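Predicted model only: the values in this text are computed from it and were never measured.
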Amino acid sequence: MTFPHGLNYAETGATRRLPLPGGYHHLHIRMRVGSGRTALETAGAAITGWRMHRASGARVTASTARAEPGTSVEVSLGVGPLRFRAPCRVIWTAYGPHRVGFAYGTLAGHPECGEESFLAELAEDGTVWFTVTAFSRPARWYTRLAGPLVPVAQRMYARRLGAGLRRLVDRADTGGTGGPRWSGSRHPTTG
């Protein structure tokens with residue numbers, strides 16, 4: 001069954017609120033990726049500009065340079081004939097002072113049906129958290145056949161995204177040098 005905008009599920013936008021809809025596997029992963037406004041900005045840009053997905057080893061083809069409602073995006077993993085393609089459409093975005101990210105919903109041809117959101121959030125204590133929230137169920141014969149392995153693989157992939165995002169934030173925080181970025185008016189060792 002196909003729903004408006006080519007989606008293959010009815011509960012459009014449900015990752016924006018809780019509880020998630022019944023009849024699906026639910027996923028909620030939350031990981032610390034940094035601290036401070038710069039970390040939020042770096043994480044938010046990596047999430048909405050597809051860099052986080054690419055850093056995980058996924059191929060991403062998107063109709064816009066950054067996530068916007070209506071953006072068509074295909075994420076693919078694997079190699080050769082074992083490459084799984086996942087066509088999606090961005091459902092909602094968040095570009096606020098304390099929260100940056102988006103959610104995409106699955107389109108016809110996706111191995112699953114459902115929705116997944118990726119958010120970077122700046123907590124009151126300055127910690128930047130990365131959260132993946134999703135609901136999904138099998139949409140193809142091979143995901144139905146894989147049964148309980150699919151949610152395990154989804155959880156592993158979400159953690160891989162978080163670990164990659166943390167590396168991107170760390171690299172930006174250190175200026176790519178592996179050490180703290182120095183920003184004073186004089187060089188710390190040469191004066």
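In plain terms, the two heavy atoms of Ile47 and Gly101 that are nearest each other are CG2-CA, 4.2 Å. When all heavy atoms of Ala139 and Thr143 are compared, the pair lying nearest together is N-OG1, 3.5 Å. For Gly162 against Val33, the heavy-atom pair with the smallest separation is O-CG1, 3.9 Å. The minimum heavy-atom distance linking Ala39 with Val128 is given by the pair CB-CG2, 3.9 Å. Summarising the geometry of Ala120 relative to Gly44, their closest heavy-atom pair is CB-N, 4.3 Å, with the distance given to 0.1 Å. Ala58 approaches Tyr157 most closely through the heavy-atom pair CB-OH, 3.6 Å.
Rounding to the nearest 0.5 Å places CD of Glu11 at 5.5 Å from CZ of Phe135. Expressed to the nearest 0.5 Å, how far CZ of Arg85 lies from CG of Leu107 amounts to 15.0 Å. If you take CZ on Arg32 and CZ on Arg166, they are separated by 8.5 Å, rounding to the nearest 0.5 Å. Between the CE atom in Met52 and the CZ atom in Arg160 there is a gap of 12.5 Å [rounded to 0.5 Å]. Between atom NE2 of residue His28 and atom CG of residue Leu20 there is a gap of 9.0 Å, rounded to the nearest 0.5 Å. Going from atom CZ of Arg159 over to atom CZ of Arg155 covers 6.5 Å, rounded to the nearest 0.5 Å.
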Could you go through Thr64 and Thr71, starting from their C-alpha distance and side-chain angles, then the distance that decides it, and tell me whether this counts as side-chain hydrogen bond (donor to acceptor under 3.5 Å, both in side chains)?
CA-CA 6 Å; Thr64 59; Thr71 297; 2.7 Å; yes
Decide yes or no on side-chain hydrogen bond (donor to acceptor under 3.5 Å, both in side chains) for Gln154 and Ser136, but give the supporting numbers first.
CA-CA 10 Å; Gln154 289 171 331; Ser136 64; 3.1 Å; yes
For a ring pair (Phe, Tyr, Trp, His ring centres under 6.0 Å) check, start with the C-alpha distance between Phe118 and Trp50, then their side-chain angles and the critical distance, and finish with the verdict.
CA-CA 11 Å; Phe118 311 92; Trp50 320 113; 9.0 Å; no
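In the hydrophobic clustering of ILVMFWY residues, with side-chain heavy atoms under 4.5 Å counting as a link, Val73 and Leu165 come out together. Tyr24 and Trp92 fall within the same hydrophobic cluster, where Ile, Leu, Val, Met, Phe, Trp and Tyr residues are linked whenever their side-chain heavy atoms come under 4.5 Å apart, directly or through other members. Taking hydrophobic clusters as Ile, Leu, Val, Met, Phe, Trp and Tyr residues chained together by side-chain heavy-atom distances below 4.5 Å, Val152 does not share a cluster with Leu145. Val169 and Trp129 fall into different hydrophobic clusters, defined by Ile, Leu, Val, Met, Phe, Trp and Tyr side-chain heavy atoms under 4.5 Å apart, directly or through other members.
Put simply, the side chain of Arg51 never gets that close to the backbone of Leu168: no donor and acceptor are under 3.5 Å apart. A donor-acceptor contact shorter than 3.5 Å is absent between the side chain of Arg16 and the backbone of Thr12. Not a single donor-acceptor pair under 3.5 Å links the side chain of His98 to the backbone N or O of Glu124. Between the side chain of Arg137 and the main chain of Gly23, a donor-acceptor pair closer than 3.5 Å is present.
Two residues are said to be in side-chain contact when any heavy atoms from C-beta on lie closer than 4.5 Å; His53 and Leu161 meet this criterion. Contact of the Ile91 side chain with the Leu7 side chain is registered, since non-hydrogen atoms from C-beta on lie closer than 4.5 Å. The closest side-chain heavy-atom distance from Phe102 to Ser117 is not below 4.5 Å. In this structure the side chain of Leu27 reaches within 4.5 angstrom of the side chain of Ile29, judged on heavy atoms. The closest side-chain heavy-atom distance from Val100 to Thr48 is below 4.5 Å. Residues His110 and Asn8 are in side-chain contact: their nearest non-hydrogen atoms beyond the backbone lie under 4.5 Å apart.
The aromatic ring centroids of Phe84 and Tyr142 lie less than 6.0 Å from each other.
Side-chain N/O atoms of Tyr104 and Glu115 include no donor and acceptor closer than 3.5 Å. Between the side chains of Thr133 and Thr15, not a single donor N or O lies within less than 3.5 Å of an accepting N or O. A donor-acceptor contact under 3.5 angstrom links the side chains of Ser72 and Arg89, judged on distance only. Counting only N and O atoms by type, the side chains of Tyr9 and Thr106 include no donor and acceptor under 3.5 Å apart.
Results of the side-chain contact (heavy atoms from CB on, under 4.5 Å) test with Thr131 over Glu121, Arg99, Met31 single out Glu121 as the only residue that passes.
Within a 6.0 Å sphere centred on CZ of Arg59, heavy atoms belonging to other residues, nucleotides or ligands number 12 at most.
Cation-pi geometry between Arg66 and Tyr95 is satisfied (NZ or CZ under 6.0 Å from the ring centre, within 45° of the ring normal).
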